[in-house]
Amino acid sequence: MPLLKILHHPDPRLRTKATAVSTFDEALSEFARNLLTTMYAAPGIGLAATQVNVHKRVIVVDISEEKDQPHMLVNPVLEPYGDKIKGEEGCLSVPDIYDSVERFEYVKVSAQDVHGEPLQFTADGMLSICIQHECDHLEGKLFVDYLSSLKRGRISKALRERAK
Ligand code: NI
């Protein structure tokens, strides 16, 4: 199966708000697997459907070294809690740019699996940050939105020039 094409900032399609998934069929499973394969190939630790121009509420995440602990989350809903922590973030849609972003330390995740079965867990550290980052994509939001307008301007300019 061919890898999915990842959109790059400042592509306006990255600003689309994703809609809820209501049909849990083979096409959805296949899409989620393809999203995961595309993420591993990039390589990355998280990818949202929005980033491959599919505006459905699906994210995939795997922060393990061995790439053997995938989370495929459909219709994720987050309850972040705890202190705010700062971590260096990057994004497959904002290539080669890394900057410090504040996130909640913990997050309670409620979602469905690709078969529509409910699942719930809490995450901390890198997994918590990564899930918050991916869920932002479903709202059309990028990590660079948290940076100063000066930094954002520089990043957009650098990426536009590189795309030429
Ligand atoms: Ni991202």
Side-chain angles (χ1 to χ4, degrees), residues 2-21 28 31-65 67 69-80 84-111 114 121 123-163:
L3 296 175
L4 300 163
K5 189 173 160 10
I6 298 173
L7 302 176
H8 286 173
H9 175 62
D11 191 311
R13 292 172 290 182
L14 286 167
R15 299 306 185 173
T16 312
K17 196 172 157 147
T19 57
V21 171
L28 177 69
F31 170 69
R33 282 195 302 272
N34 209 353
L35 194 61
L36 192 68
T37 305
T38 301
M39 179 194 83
Y40 285 141
I45 57 170
L47 191 60
T50 311
Q51 292 176 272
V52 297
N53 201 29
V54 173
H55 302 288
K56 294 276 178 194
R57 303 189 82 83
V58 180
I59 65 167
V60 293
V61 171
D62 188 348
I63 61 156
S64 71
E65 290 275 335
K67 301 180 173 181
Q69 288 166 48
H71 294 272
M72 296 199 242
L73 305 176
V74 181
N75 299 327
V77 175
L78 304 187
E79 275 179 61
K84 289 249 187 158
I85 51 170
K86 270 203 160 193
E88 187 99 326
E89 292 187 25
C91 178
L92 294 175
S93 292
V94 192
D96 304 323
I97 306 283
Y98 300 88
D99 217 318
S100 184
V101 174
E102 241 184 23
R103 303 273 183 190
F104 285 97
E105 188 169 6
Y106 303 100
V107 70
K108 184 179 160 190
V109 183
S110 304
V114 292
F121 59 96
D124 62 5
M126 176 75 96
L127 184 60
S128 168
I129 289 171
C130 191
I131 290 172
Q132 290 174 69
H133 174 121
E134 298 316 324
C135 284
D136 271 356
H137 278 300
L138 303 180
E139 299 300 319
K141 195 165 181 180
L142 298 171
F143 85 94
V144 295
D145 298 352
Y146 295 101
L147 306 178
S148 69
S149 60
L150 180 68
K151 273 187 180 175
R152 274 203 318 273
R154 281 187 192 144
I155 290 167
S156 296
K157 187 162 176 271
L159 291 179
R160 263 191 211 104
E161 272 166 17
R162 208 181 303 162

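Atoms within each ligand, like the ligands themselves, are counted from 1 in listed order.
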Does the side chain of Glu102 reach to within under 4.5 Å of the side chain of Ile85, using non-hydrogen atoms? no
Under the salt bridge (charged side-chain N to carboxylate O under 4.0 Å, His left out) test, residues paired with Arg154 that sit two or more places apart: none
Show your working on side chain to side chain donor-acceptor pair (under 3.5 Å) between Asp11 and His9 and close with a plain yes or no. CA-CA 5 Å; Asp11 191 311; His9 175 62; over 6 Å; no
Check: His137 main-chain N/O paired with Thr50 side-chain donor or acceptor under 3.5 Å: yes
Output all residues satisfying salt bridge (charged side-chain N to carboxylate O under 4.0 Å, His left out) with Lys151, sequence neighbours left out; order by chain, then residue number. Asp99
Sequence neighbours left out, what pairs pass salt bridge (charged side-chain N to carboxylate O under 4.0 Å, His left out) with at least one residue falling in residues 38-57? Arg57-Glu139
Identify which protein N/O/S atoms are less than 2.8 Å from the Ni ion (ligand 1). Cys91 SG, His133 NE2, His137 NE2
